[in-house]
Amino acid sequence: MKKIVVGLMLLALTSTTYAQTKLNIGDKVPPIEFSNLLNSETTNTSLTPLKGKIVILDFWATWCGPCIPAMKNLIKLQEEFPNDIQVIGIAEDKPERLQRFIDNSPSKVWFGLQTETLEKYFPYRILSHAVVINPEGKIVAITSTDNITKEVIQDIKSGKKISLPFKEENITFDYEADPFPVKNPNAERVLLKGGISGVSSYSRGYLNDKTFNGRRLTIINQTIPSMYRNLYQKSYNRTVFEIDKAAYSYKDPKNKYCLDVISKKADRSMYALGIAKLKETFSVKTKLERRTIPVYVLSVIDRTKLKKLKSTTKKRTLEFRGYEFHAKKIRMADFTDYIENETPVPVIDETNYLEFIDIDFVFDPQKKGSFKEELAKIGLKLSKAEREVELLVIFEE
């Protein structure tokens, strides 16, 4: 099944095909068969033997950051209600990585791989995605996995009606199409709109686009703080929030906006235009400050290995998701930015390596020390330190 990677997504996406057999809340679930189960007594079964139990179908992936804590919560619920529920994790994943997760997180949860049948009954685009089926075999919730709690299970057991936030998704939205078509591509434009219902948060640059090469940035369904971070090109680790973050929660649809910026030249003016628009529209403001804080320093331990990364290609490409990073003709700073997404503090590049590089970096999040081992294979390491870092401060006047 084809996967989609669009820009620097804040949430993981998966491609599905909309079908008329889609099931909704209140529908009776047919006796769907599972033929590739792991961690269960049999690899082949159906929902029929589970009648009388609460069944939680959790669509997730080991490469999806938010999915991991959500799945571990389901593992705890499975332990707490062993005779009342059966969690079945359906993974958009490679079988060997799924098996590693199972080996490292022993549980009574069943795991399987995505199938076309499941896609037709339960279409979705955004991970994680949970379908809750009551003991009578009816769907009582289609929601984000982190909404499922001990109290929810107890209410279903007691026969109470539950009302979890409905995970509404725009299944037909084309993430590769232009969401805001342009009549005059040479004209400067700053467009700020409300969020698009049922669509994931993402941003798109146009670095290899013949029309907008380096002059356009499209941001979809992001909060005000997230838009600012995008425009300043600052990671979460380099942001100081002097606001009530709960007031700008991504879970509230009212907090999501779309921004499309086109500048006349391929320079920093594109970002400046977007920042100016936000500052004139909202009470949330920003400033840049330099502070000394804990960091990780990226340095060289084997320059011979590092030199093997020297680029041999002409076209720049960059794609990553979770534990995988694949890129051609990039700078070390680009790889450092990716590493920072996997760490709790900023990462400072002190390799002094200025050549373009080609790199395929894959680590195993279920194997302790894997990240460090894979860095060593290309001649690099991370060390704890303190450095003066430019931080984005977000505040309200």
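Hydrogens, waters and symmetry mates play no part in the numbers below; they use all other heavy atoms, side chains included.
In this structure, a donor-acceptor pair under 3.5 Å is absent between the side chains of Thr218 and Tyr202. Inspection of the Ser226 and Thr223 side chains reveals an N or O donor paired with an N or O acceptor under 3.5 Å. Donor-acceptor pairing under 3.5 Å is recorded for the side chains of Arg268 and Gln233. In the model, Asn237 has no side-chain atom that pairs as donor or acceptor with a side-chain atom of Ser235 under 3.5 Å.
Here Lys53 does not pair with Asp84 in a salt bridge; the nearest charged N to carboxylate O distance is not below 4.0 Å. Ion pairing between Glu390 and Lys234 holds under the 4.0 Å rule for side-chain N and carboxylate O. Ion pairing of Lys51 with Glu136 is absent here, as no side-chain N (NZ or NE/NH1/NH2) approaches a carboxylate O to less than 4.0 Å. Lys377 and Glu374 are joined by a salt bridge, as a carboxylate oxygen and a charged side-chain nitrogen come within less than 4.0 angstrom of each other. The residues Glu188 and Lys264 are annotated as not salt-bridged, no charged nitrogen and carboxylate oxygen being separated by less than 4.0 angstrom.
In this structure, the side chain of Ser203 does not engage the main chain of Ile219 through any donor-acceptor pair within 3.5 Å. Side-chain N or O atoms of Ser144 include none that pairs as donor or acceptor with a backbone N or O of Asn147 at under 3.5 Å. Looking at Asn255, its side chain does come within 3.5 Å of a backbone N or O of Ser249 through a donor-acceptor pair. Between the side chain of Asp334 and the backbone N or O of Ile330, no donor-acceptor pair lies under 3.5 Å. A donor-acceptor pair is defined here as one N or O able to donate and one able to accept, closer than 3.5 Å; such a pair exists between the side chain of Arg215 and the backbone of Ser263. Side-chain atoms of Glu340 come within 3.5 Å of backbone atoms of Val347 as a donor-acceptor pair (strictly under, hydrogens ignored). At least one donor-acceptor pair closer than 3.5 Å links the side chain of Lys285 to the backbone N or O of Lys279. For the pair Trp60 (side chain) and Ala130 (backbone), a donor-acceptor distance under 3.5 Å is absent. Formation of a donor-acceptor pair under 3.5 Å by the Asp155 side chain with backbone atoms of Lys160 is not found in this model. With hydrogens and angles ignored, the 3.5 Å screen pairs no side-chain donor or acceptor of Asn39 with any backbone N or O of Trp110.
Taking 4.5 Å as the limit, every side-chain heavy atom of Val55 sits out of range of all side-chain heavy atoms of Asn134. Contact annotation: the side chain of Leu382 never approaches that of Val297 to less than 4.5 Å [non-hydrogen atoms, C-beta and beyond]. Between Leu191 and Leu259 the shortest side-chain heavy-atom distance does not fall below 4.5 Å. You'll find the side chain of Val389 stays beyond 4.5 Å of the side chain of Arg291, heavy atoms only. Counting heavy atoms from C-beta on, the side chains of Leu288 and Tyr232 come closer than 4.5 Å. For the pair Ile32/Phe122, a side-chain contact is recorded, criterion being any heavy-atom separation below 4.5 Å from C-beta on. Contact check for Leu309 versus Asp358: no side-chain heavy atoms found under the 4.5 Å cut-off. Side-chain contact between Leu192 and Thr281 is present, with at least one heavy-atom pair separated by less than 4.5 Å.
Of the listed residues (Phe325, Tyr296, Phe363), just one forms a ring pair (Phe, Tyr, Trp, His ring centres under 6.0 Å) with Phe371, and that residue is Phe363.
Atom NZ of Lys28 is surrounded by more than 12 heavy atoms from other residues, nucleotides or ligands within 6.0 Å.
Figure legend: Lys22 and Tyr121 shown without cation-pi pairing, the cationic atom not lying both under 6.0 angstrom from the six-membered ring centre and within 45 degrees of its axis. In this structure, Lys245 satisfies the cation-pi test against Phe241, with its NZ or CZ atom closer than 6.0 Å to the six-membered ring centre and inside 45 degrees of the ring normal. Within the cation-pi definition used here (under 6.0 Å to the ring centroid, within 45° of the axis), Lys256 qualifies as a partner of Tyr250. Tyr323 carries Arg97 over the face of its six-membered ring, with the cationic atom under 6.0 Å from the centre and within 45° of the normal.
Between Tyr124 and Phe59, the angle of the ring planes lies from 30° to 60°, which puts this pair in the tilted group. The aromatic rings of Phe335 and Tyr338 lie parallel to each other, with less than 30° between the two planes, well short of the 60° mark.
The CG atom of Asp260 lies 10.5 Å from the NZ atom of Lys193; values are rounded to the nearest 0.5 Å. Here CD of Gln222 is found 9.0 Å from CD1 of Ile220. Values are rounded to the nearest 0.5 Å. Distance check, rounded to the nearest 0.5 Å: CG of Asn213 to OG1 of Thr211 gives 9.5 Å. Between the CZ atom in Arg100 and the CG atom in Asn104 there is a gap of 9.0 Å [rounded to 0.5 Å]. Taken from CZ in Arg321 to NE2 in His326, the straight-line distance is 8.5 Å, to the nearest 0.5 Å. Within the model, atoms CD1 of Ile75 and CD of Glu80 stand 14.0 Å from one another, a figure rounded to the nearest 0.5 Å.
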Review point. Could you walk me through whether Thr313 and Ser311 pass the side-chain hydrogen bond (donor to acceptor under 3.5 Å, both in side chains) check?
Key: CA-CA 6 Å; Thr313 58; Ser311 180; 3.3 Å; yes
Practice item. Please lay out, stage by stage, how Asp267 and Ser269 fare under the test side-chain hydrogen bond (donor to acceptor under 3.5 Å, both in side chains). Key: CA-CA 5 Å; Asp267 55 20; Ser269 63; 2.3 Å; yes
Point to revise | ring-ring contact (aromatic ring centres under 6.0 Å, His included) between Tyr228 and Tyr271, worked out | key: CA-CA 9 Å; Tyr228 270 128; Tyr271 300 107; over 10 Å; no
Check your understanding: Checking side-chain contact (heavy atoms from CB on, under 4.5 Å) for the pair Leu380/Thr351: CA distance, chi angles, key distance, verdict?
Key -> CA-CA 8 Å; Leu380 300 172; Thr351 62; 3.8 Å; yes
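Note on residues 293-313: no pairs pass salt bridge (Lys or Arg N to Asp or Glu O under 4.0 Å), not counting sequence neighbours.
Both Val132 and Phe111 are assigned to one and the same hydrophobic cluster, defined by single-linkage of ILVMFWY side chains at heavy-atom distances under 4.5 Å. No continuous path of ILVMFWY side-chain contacts below 4.5 Å connects Leu391 to Val345, so the two sit in separate hydrophobic clusters. Note on Ile56: it does not cluster hydrophobically with Ile133, by side-chain heavy-atom contacts below 4.5 Å among ILVMFWY residues.
In summary, the aromatic rings of Phe282 and Tyr257 are positioned with their centroids under 6.0 Å apart.
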